[in-house]
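Heads up: the structure comes next, in structure tokens.
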Amino acid sequence: MPSGDRIKTIVAYAHESYSEHEGGQVADYIPQLANADPSMFGITVADASGGLYSAGDADVEFSIQSISKAFVYALVGEALGHNVVREHIGVNNTGLSFNSVMAIELNEGHPMNPMVNAGAIATTSFMPGDTPAEQWENIRTGMSRFAGRSIELDGAVYRSEIANNQRNKALAGLLESYHQITGNPMDAVDVYTRQCSLLVTTRDLAVMGATLAAGGINPVTGKRVISADVCRDTLAVLASTGLYERSGDWLFEVGLPAKSGVSGGIVAIAPGKGAIGTFSPLLDSAGNSIRGQQATAHLSRALGLNVFASNVDSARSNGDD
Ligand code: GLN
């Protein structure tokens, strides 16, 4: 990573460069998300020693949505181990949208990967806890350890989604018919919907990502959240599946394991170096934030973070700016 002053300048420039972009749409299939302010745009870069550099709406809270899948997967991976998560949840991209029913049918009932809804609901069903309430509390406290502060539920987003998530309930029921989910599938959907409704800022996303970049130790609190092995496994899954069916485009352009969510957040992780959290609710047709993708691509180049680049100079020259 460059020096702190240099990172600050680069982050400010990235924010300024993309703040005028107005294409895309806010998610509206969860009614509460349709109320998002499309002008919001925040960026935070965290380095692996806990330095934080922000621009724009970096302290505005939004529901984490699908980005929760990455961190719950890490918590479940810690509890179950490498082989069990690979066998029961899978690590391959479905190539289909995040809420696809067809993906389950095409794969003989296997959820295939934990970063789309079916696989994420199955992952949540494996979360340790004797009751759904205990599973939920373990998720909330586990994700709070990643963020380095106690993060809380947005009740309005949770209620809005739970009243409109017939499709996720159908996915869970289908998984149950194939014996690919444990416990009561509707309980798993409820806990999953809660985890998606946790409120975070780009600062939180950057710290959570930097914890994965730093081998499982939160660089701000100095406390271990998960093992280095689980970080490695989680980042491998994010590289191939973090931006749904656009993960190949993302890896080609940005070269970082990442995870997006439909409220407009993206977290991108540079192993050993740090992480980038962005927030802008205007989405492309796959449900990925447009300004978030643009800003992260720019930052990956300017900070020399692309994991496939052999050196910083080639990272900088790989792209259009
Ligand atoms: N809670 C959302 C859902 O299950 C999350 C989807 C997303 O962010 N892609 O539909």
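We count residues from 1, following the sequence as given. As the structure lists them, so they are numbered: ligands from 1, and atoms in each ligand from 1. Note that this is a predicted model, so its numbers are computed, not measured. Heavy-atom basis, side chains included; hydrogens, waters and symmetry copies ignored.
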Would you check the N or O atoms of Q65, main chain and side chain alike, for any that come under 3.5 Å of an N or O of ligand 1? yes

Would you say V262 and ligand 1 have an N/O pair spaced under 3.5 Å apart? yes

Could you list which atoms of ligand 1 come closer than 4.0 Å to a heavy atom of [X]?
X: G261; answer: 8 (O)
X: Y29; answer: 2 (C), 3 (C), 5 (C), 6 (C), 10 (O)
X: Y192; answer: 1 (N), 2 (C), 3 (C), 4 (O), 5 (C)

Is it the case that the side chains of [Y] and [X] hold a donor-acceptor pair, with the cut-off being a distance below 3.5 Å and no angle test?
X: S285; Y: R246; value: yes
X: T221; Y: R149; value: no
X: E78; Y: S227; value: yes
X: S197; Y: E161; value: no
X: N184; Y: E176; value: no
X: N117; Y: N168; value: yes

Should the pair Y29 and F98 be assigned to parallel (<30°), tilted (30 to 60°) or perpendicular (>60°) ring geometry? tilted

Examine the proximity of ligand 1 to [X] and report which part, side chain or backbone, both or neither, has a heavy atom under 4.0 Å away.
X: N168; value: side chain
X: N117; value: side chain
X: E161; value: side chain
X: C196; value: side chain

Strictly under 6.0 Å, is that where the ring centroids of H110 and Y178 end up? no

Tell me: protein heavy atom nearest atom 9 (N) of ligand 1, and distance? Y244 OH, 2.7 Å

Could you find the nearest protein heavy atom to atom 7 (C) of ligand 1 and give me its residue, atom name and distance? S66 OG, 2.6 Å

